[in-house]
2 protein chains.
Amino acid sequence: MGVAVTKKPKGTASRARILDAAAALFRDKGYAAVSLRAIAAAAGLQSGSVYYHFGSKEEIVTEVLNLGIERVHDQVSTTIATLPVDADAATLIKTGIRNHLKALFAFGAYTSANVRIYGQVPTSARQGNLAVRREYEGLWDDILSRAQARGGVQGGIDLAAFRLLLIGSLNATLEWFDPQRGRVEDLAECYADILLSGVLTHGGGRQ
Amino acid sequence: MGVAVTKKPKGTASRARILDAAAALFRDKGYAAVSLRAIAAAAGLQSGSVYYHFGSKEEIVTEVLNLGIERVHDQVSTTIATLPVDADAATLIKTGIRNHLKALFAFGAYTSANVRIYGQVPTSARQGNLAVRREYEGLWDDILSRAQARGGVQGGIDLAAFRLLLIGSLNATLEWFDPQRGRVEDLAECYADILLSGVLTHGGGRQ
DNA sequence: TATTCTATCTAACGATTGTTAGTCTATTTA
DNA sequence: TAAATAGACTAACAATCGTTAGATAGAATA
């Protein structure tokens with residue numbers, strides 16, 4: 001048996017290929033428009049073989065949805081954790097924005113599949129994604145309230161609304177930004193500037 | 001022939017019911033998941049009758065997509081036009097935000113169908129929607145460059161990026177905001193405040 | 001009144017859907 | 001070596017899909 005090599009059962013690779021193929025197809029065509037035969041073909045299998053790894057189409061999409069959020073969650077929470085405990089509000093929020101966007105485009109198929117098809121998936125799949133979603137929202141609520149506690153965020157801001165605005169605008173970049181044509185870091189810098197300081201001159205506008 | 005009464009051919013009402021039903025179903029389930037039989041049933045017809053009014057499912061979705069944008073365009077351009085010529089940057093942008101959101105929720109089925117299914121619709125339907133989309137983007141570019149010309153917007157702001165951030169975040173409200181539980185005007189005020197002035201204290205953060 | 005048009009219906013077409021059952025082969029375990 | 005398991009295949013199922021053809025009833029027109 002020699003050294004402790006991690007086993008790689010052959011089926012594990014197929015399972016991953018099925019998920020990758022499903023994520024990309026769901027992102028491009030929506031949930032219902034993608035047949036199991038199309039997923040199987042893209043993964044290099046026959047349609048029947050998919051059922052060895054997953055019990056149903058719903059089971060596949062549920063896993064795709066969860067992976068899409070979990071990977072962003074991990075990237076954001078990991079990088080936030082490396083910040084010094086006394087990091088200021090701008091640093092906290094900027095780090096969150098940069099790493100949300102990084103993960104969005106690094107795991108593009110899963111994340112944009114999630115953003116695009118969540119509203120059109122069978123109820124059970126949506127419910128299977130709820131817990132993961134809420135956890136990620138909670139992560140951002142922590143980041144934002146920590147930023148506000150450090151005094152860097154205006155008192156009048158509705159943090160829940162800001163979180164929705166923030167994540168909504170970041171996720172919408174999936175519809176137009178091409179990471180091959182521009183750096184994600186630059187996009188993050190630009191978005192963070194606008195969201196943190198607004199676009200008006202003379203630092204005013206609020207009564 | 002008496003007074004000039006606008007004719008109401010019976011089929012016109014059916015056509016409108018088909019579009020209304022299709023918009024609501026597309027918004028809820030996506031494009032491919034909605035069958036013509038479901039659209040017909042929701043409109044009170046048999047499936048074959050739909051083909052008297054539309055040549056194909058693609059033709060229906062193309063019209064739904066276009067109506068979704070045209071109605072927002074009309075609302076925004078009309079209200080912007082009523083502003084005094086020397087309106088300041090904050091007023092211009094705030095008016096645009098408020099009326100984009102108003103139209104979004106007033107024509108909910110069409111607008112959220114557009115936001116949700118645009119990426120998953122057959123190529124020809126997407127192309128049939130391109131011109132209308134570009135026109136609406138142009139309207140916002142006019143609003144923003146007019147605001148910047150009046151000196152109210154920071155010079156360093158990338159107006160195209162700001163437009164994308166803005167419209168992206170506004171459209172994302174369709175996924176969570178319920179106009180029955182809160183006033184759209186309040187939502188608009190909240191979003192405009194954040195987008196115009198940012199969330200940081202001491203008007204700083206930008207180098 | 002005779003004819004045409006409008007708007008709908010019914011019934012069916014071939015294609016495709018998610019899923020299942022049964023079979024085969026290669027690998028692992030006993 | 002014998003038995004069991006993992007992983008894939010083929011073939012078929014009932015259901016549903018978008019679409020079409022033809023029939024039908026009432027309204028408008030001549």
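Letters go in sequence order (proteins before strands), and every chain restarts at 1.
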Quick check on dT19(C): is either OP1 or OP2 less than 4.0 Å from any side-chain nitrogen or oxygen of Ser47(A)?
no

Given dT8(C), is OP1 or OP2 found less than 4.0 Å from the side-chain N or O atoms of Tyr52(B)?
no

Is the side chain of Thr173(A) donor-acceptor paired with the backbone N or O of Leu170(A) at a distance under 3.5 Å, no angle test?
yes

When all nucleic acid strands are considered with a 4.0 Å heavy-atom cut-off, which category describes Val50(B): base, sugar-phosphate, or nothing?
nothing

When you check the phosphate oxygens OP1 and OP2 of dT10(D), does a side-chain N or O of Gln46(A) lie under 4.0 Å from one of them?
yes

Just wondering, are more than 12 heavy atoms of other shown residues or ligands nearer than 6.0 Å to NZ in Lys29(B)?
no

Any side-chain N or O of Ser56(B) under 4.0 Å from OP1/OP2 of dG18(D)?
no

For atom CZ of Phe54(A) and atom C1' of dG18(C), their distance in whole Å
16 Å

With a non-hydrogen cut-off below 4.0 angstrom, is Ser49(A) in contact with a base, only sugar-phosphate, or nothing?
base

His100(B) ring center near Tyr136(B) ring center (under 6.0 Å):
yes

Whole-Å distance separating the OH atom of Tyr51(A) from the P atom of dT19(C)
3 Å

When you measure from the side-chain N and O atoms of Ser35(B) to the phosphate of dT16(D), is any distance below 4.0 Å, counting only OP1 and OP2?
no

If I take atom NZ in residue Lys57(A) and atom P in nucleotide dT19(C), what distance separates them, rounded to the nearest angstrom?
8 Å

Any His53(B) side-chain nitrogen or oxygen under 4.0 Å from OP1 or OP2 of dT6(C)
no

Ile93(A) versus Val153(A): any side-chain heavy-atom pair under 4.5 Å?
yes

